Each structure stands twice: as C-alpha cells, then as structure tokens.
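Positions are given from 1 along the sequence. Quick caveat, the model's predicted, so the values are computed rather than measured. What's counted below: heavy atoms across the whole structure, side chains too, no hydrogens, waters or symmetry copies.
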Amino acid sequence: MTPDQIDAIKTQKDSNCCNGSNSEPLYMITEWDGTELSHQTKADVVDYVRDELTTTLFRINVQGDDDDHFEVAKEYLEQFSAIMEEQL
C-alpha cells in the first residue's frame, strides 16, 4: 500500500476526524499470499485490480505456451472470490 492509502485508512478510522466517511462501504481484499487488506474503498479495490491485471497480462505475454497462459489465468480467476464487503 502507498503512504496515501495508509493515511486514508487512518483518517477513516479516526472518529474525531471530520473527513472520515462512514457512508461509503469498505472492503477487504485477500492477496495471493493470504495477506488481508482491510478498510479498502472502491477506489482502492479498482487500483488493486488494475495493478493485478497489469501484472497478470505481463506474465501471460512473457510466458510461452497455452498451458502456462492457462495456469496464470486460473490463478487470477481464483482471486475473484477474494473480496468481500466488510460488516461495520
């Protein structure tokens, strides 16, 4: 996560801060290695997916045969079940 994302999360958690938005749903993303990224906004989720897609497309373009492409695609598709809306 970037320092801006960390600051945004701290701001949202701070009940004394006037910028914290309680109306926007927050999400948790589970990364490939099991690391959980909690308190993610919709914009954070979009950024994360954009980065993952870029990495996945790079891996597919670098690898040679269809079996390798399939394995990379399969790994990526498994991530679609790795996001859930947090219960506040």
Side-chain angles (χ1 to χ4, degrees):
M1 277 197 304
T2 66
D4 290 339
Q5 289 173 320
I6 293 169
D7 289 341
I9 290 169
K10 287 179 183 176
T11 300
Q12 286 177 340
K13 287 183 177 181
D14 186 358
S15 61
N16 296 322
C17 181
C18 59
N19 293 331
S21 172
N22 292 334
S23 62
E24 183 177 5
L26 297 176
Y27 301 88
M28 181 183 333
I29 300 170
T30 304
E31 293 190 295
W32 300 72
D33 64 358
T35 303
E36 293 181 345
L37 305 175
S38 59
H39 307 296
Q40 301 295 299
T41 65
K42 287 181 181 180
D44 295 334
V45 171
V46 170
D47 289 342
Y48 178 84
V49 170
R50 184 179 293 126
D51 290 345
E52 287 297 312
L53 280 170
T54 301
T55 301
T56 300
L57 289 172
F58 176 77
R59 287 177 60 201
I60 286 174
N61 288 330
V62 167
Q63 293 176 340
D65 61 31
D66 287 339
D67 287 339
D68 289 337
H69 294 208
F70 177 74
E71 290 303 316
V72 172
K74 190 170 81 172
E75 285 177 20
Y76 185 76
L77 287 174
E78 290 171 357
Q79 292 301 299
F80 282 107
S81 64
I83 183 170
M84 56 190 270
E85 188 169 342
E86 292 186 358
Q87 302 296 320
L88 300 176

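Side-chain contact between Tyr27 and His39: absent, with no pair of heavy atoms (C-beta onward) separated by less than 4.5 Å. Counting heavy atoms from C-beta outward, Leu37 and Met28 have side chains that stay 4.5 Å or more apart. Contact of the Leu26 side chain with the Thr41 side chain is registered, since non-hydrogen atoms from C-beta on lie closer than 4.5 Å.
In this structure, Glu52 contributes its side chain and Arg50 its backbone to no donor-acceptor pair below 3.5 Å.
Taking Thr54 as the reference, nothing meets the side chain to side chain donor-acceptor pair (under 3.5 Å) condition, with sequence neighbours excluded. For the side chain to side chain contact (heavy atoms under 4.5 Å, CB included) test, no residue two or more places apart in sequence or in another chain qualifies with Leu57. In terms of the side chain to side chain donor-acceptor pair (under 3.5 Å) criterion, Asp51 has no residue partners (sequence neighbours excluded).
Counting all heavy atoms, side chain and backbone alike, Ile29 lies closest to Gln40 at CD1-CG, 4.1 Å.
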